[in-house]
Amino acid sequence: MDLCNPETSGSFDKHWRYFIDTGDSNIAQIREVILRSWQRCFKSGVEPYDRSLHDRLCGDDLAKALRLREGLISVAHPFMTDLYAIVRGSGFVVVLTNEDGYILELFGDEGAGEMPLTSNFFIGASWHENDAGTNAIGTAIEEQKPVQVSGPEHYCRKHHCLTCSAAPIFDPDDRLIGILDISGAYEGAHLHTLGMVVAAAKAG
């Protein structure tokens with residue numbers, strides 16, 4: 001059963017289907033940042049109709065990733081707490097990933113991991129474009145700038161019910177070390193969500 005109702009996506013869903021079927025990126029209605037991501041996903045063979053859980057880090061690999069970014073997690077924690085206080089009870093999740101898109105920390109309502117909408121948000125899950133298609137986390141990694149991705153802007157259909165806003169976090173030497181993201185139901189999309197994430201990422 002599909003997790004998303006395509007009727008909620010309007011005409012944008014038709015543009016997504018056209019690209020998936022043809023690979024033709026000559027679609028004036030789509031933002032360039034999204035088209036660039038779709039092209040990367042298409043070329044790398046991301047399966048747009050895949051419904052499985054994302055690739056993940058487990059065991060020693062996860063422990064190593066958490067240890068390497070222990071300082072980032074510590075610094076980001078209070079900012080994530082403040083962001084989650086704003087979206088608590090809405091079904092949105094606040095996540096921190098490393099520079100490769102693996103989730104290191106997550107704030108969400110009880111049972112969020114069991115909900116179809118947010119089942120791919122768990123510690124260790126990969127949101128890199130190669131694993132999750134176009135999404136705010138993976139695309140922010142590739143573009144090295146804040147990104148909001150909503151509905152059928154996502155490359156994988158299972159994420160068409162999501163809206164995601166993500167901002168990169170850089171170290172003092174301007175190297176990417178992580179991504180801060182807020183994700184939730186497409187119907188809850190607001191431009192100010194990206195602004196909140198950007199402000200928190202810069203403050204951290």
Side-chain angles (χ1 to χ4, degrees), residues 37 40-41 44-47 50-84 87 92-149 154-156 158-159 162-184 193-194 196-204:
S37 177
R40 288 191 296 268
C41 294
S44 62
V46 175
E47 172 49 60
D50 175 51
R51 289 158 48 190
S52 62
L53 290 178
H54 294 181
D55 181 39
R56 72 205 73 181
L57 292 176
C58 300
D60 292 342
D61 290 334
L62 176 58
K64 180 180 179 181
L66 292 169
R67 186 169 60 252
L68 285 173
R69 292 294 176 227
E70 184 176 5
L72 172 64
I73 297 170
S74 177
V75 171
H77 198 273
F79 297 99
M80 295 180 70
T81 300
D82 290 344
L83 286 173
Y84 180 60
V87 300
F92 275 68
V93 294
V94 179
V95 303
L96 176 72
T97 80
N98 65 10
E99 66 274 22
D100 296 317
Y102 290 100
I103 294 178
L104 305 178
E105 180 68 291
L106 182 149
F107 287 66
D109 299 339
E110 185 177 356
E114 284 73 53
M115 299 295 291
L117 189 67
T118 49
S119 60
N120 275 294
F121 288 98
F122 54 89
I123 301 298
S126 172
W127 280 81
H128 192 280
E129 282 187 348
N130 289 340
D131 296 310
T134 302
N135 72 92
I137 294 169
T139 305
I141 290 173
E142 294 293 333
E143 297 283 336
Q144 301 272 295
K145 65 182 182 182
V147 178
Q148 186 172 61
V149 180
H154 290 88
Y155 188 79
C156 294
K158 64 185 175 184
H159 298 143
L162 284 174
T163 180
C164 306
S165 302
I169 302 171
F170 299 96
D171 70 9
D173 295 319
D174 207 30
R175 293 174 300 196
L176 180 69
I177 57 174
I179 299 289
L180 185 62
D181 169 83
I182 297 180
S183 295
T193 308
L194 182 59
M196 291 191 303
V197 175
V198 171
K202 288 184 177 180

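What's counted below: heavy atoms across the whole structure, side chains too, no hydrogens, waters or symmetry copies.
- A pairwise comparison of heavy atoms in Leu62 and Gly124 identifies CD1-CA, 3.9 Å as the closest pair.
- No side-chain N or O of Ser126 forms a donor-acceptor pair with one of Asp55 less than 3.5 Å apart.
- Between Cys156 and Val46 the shortest heavy-atom distance is SG-CG1, 3.9 Å.
- Using a 4.5 Å heavy-atom threshold, the side chains of Ile182 and Val93 count as separate.
- A donor-acceptor contact shorter than 3.5 Å links the side chain of Asn120 to the backbone of His54.
- Considering only heavy atoms from C-beta on, Ile141 stays 4.5 Å or farther from Pro168 through its side chain.
- Using a 4.5 Å cut-off on side-chain heavy atoms (C-beta onward), Phe107 and Thr81 make contact.
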Under the side-chain contact (heavy atoms from CB on, under 4.5 Å) rule, what do Asn98 and Leu68 come out as? Steps first, then yes or no, please. CA-CA 9 Å; Asn98 65 10; Leu68 285 173; over 6 Å; no

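- Across all non-hydrogen atoms, the minimal contact from Pro146 to Leu194 is CB-CD1, 4.0 Å.
- Distance alone, capped at 3.5 Å, is enough to place a donor-acceptor pair between the Asn135 side chain and the Ile137 backbone.
- Side-chain contact between Ile179 and Ile169 is absent, with no heavy atoms from C-beta onward closer than 4.5 Å.
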Under the criterion side-chain contact (heavy atoms from CB on, under 4.5 Å), I'd like the reasoning laid out for Ile73 against Leu96: C-alpha separation, chi angles, the key distance, then a yes or no. CA-CA 8 Å; Ile73 297 170; Leu96 176 72; 4.0 Å; yes

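- Two residues are said to be in side-chain contact when any heavy atoms from C-beta on lie closer than 4.5 Å; Gln144 and Phe170 meet this criterion.
- Side-chain contact check for Asp109 and Tyr84: at least one donor-acceptor pair (N or O, by modelled atom type) lies under 3.5 Å.
- Between the side chains of Thr139 and Glu129, at least one donor-acceptor pair of N or O atoms lies under 3.5 Å.
- Under a cut-off of 6.0 angstrom, the local environment of CD in Glu70 is sparse, with at most 12 non-hydrogen atoms contributed by other residues, nucleotides or ligands.
- Using a 4.5 Å cut-off on side-chain heavy atoms (C-beta onward), Tyr102 and Ile123 make no contact.
- Lys158 places no side-chain N or O within donor-acceptor distance of the main-chain N or O of Leu53, the cut-off being under 3.5 Å.
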Please walk me through it: do Glu105 and Arg69 pass salt bridge (charged side-chain N to carboxylate O under 4.0 Å, His left out)? CA-CA 10 Å; Glu105 180 68 291; Arg69 292 294 176 227; over 6 Å; no

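- Between the CG atom of Asp131 and the CG atom of Asp50 there is a distance of 10.0 Å, given to the nearest 0.5 Å.
- Pairing each heavy atom of Ala167 with each of Ala201, the nearest pair is CB-CB, 3.8 Å.
- The shortest non-hydrogen separation linking Met80 to Leu180 is CG-CD1, 3.7 Å.
- The shortest distance between side-chain heavy atoms of Ser183 and Phe121 falls below 4.5 Å.
- When atom types are taken as modelled, the side chain of His128 and the backbone of Asn130 share a donor-acceptor pair closer than 3.5 angstrom.
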Taking it one step at a time, do Arg56 and Phe122 satisfy side-chain contact (heavy atoms from CB on, under 4.5 Å)? CA-CA 9 Å; Arg56 72 205 73 181; Phe122 54 89; 3.8 Å; yes

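- At a threshold of 4.5 Å between non-hydrogen side-chain atoms, the residues His159 and Trp127 count as touching.
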Asp181 and Val197: CA distance, side-chain angles, deciding distance, side-chain contact (heavy atoms from CB on, under 4.5 Å) verdict: CA-CA 7 Å; Asp181 169 83; Val197 175; 5.8 Å; no

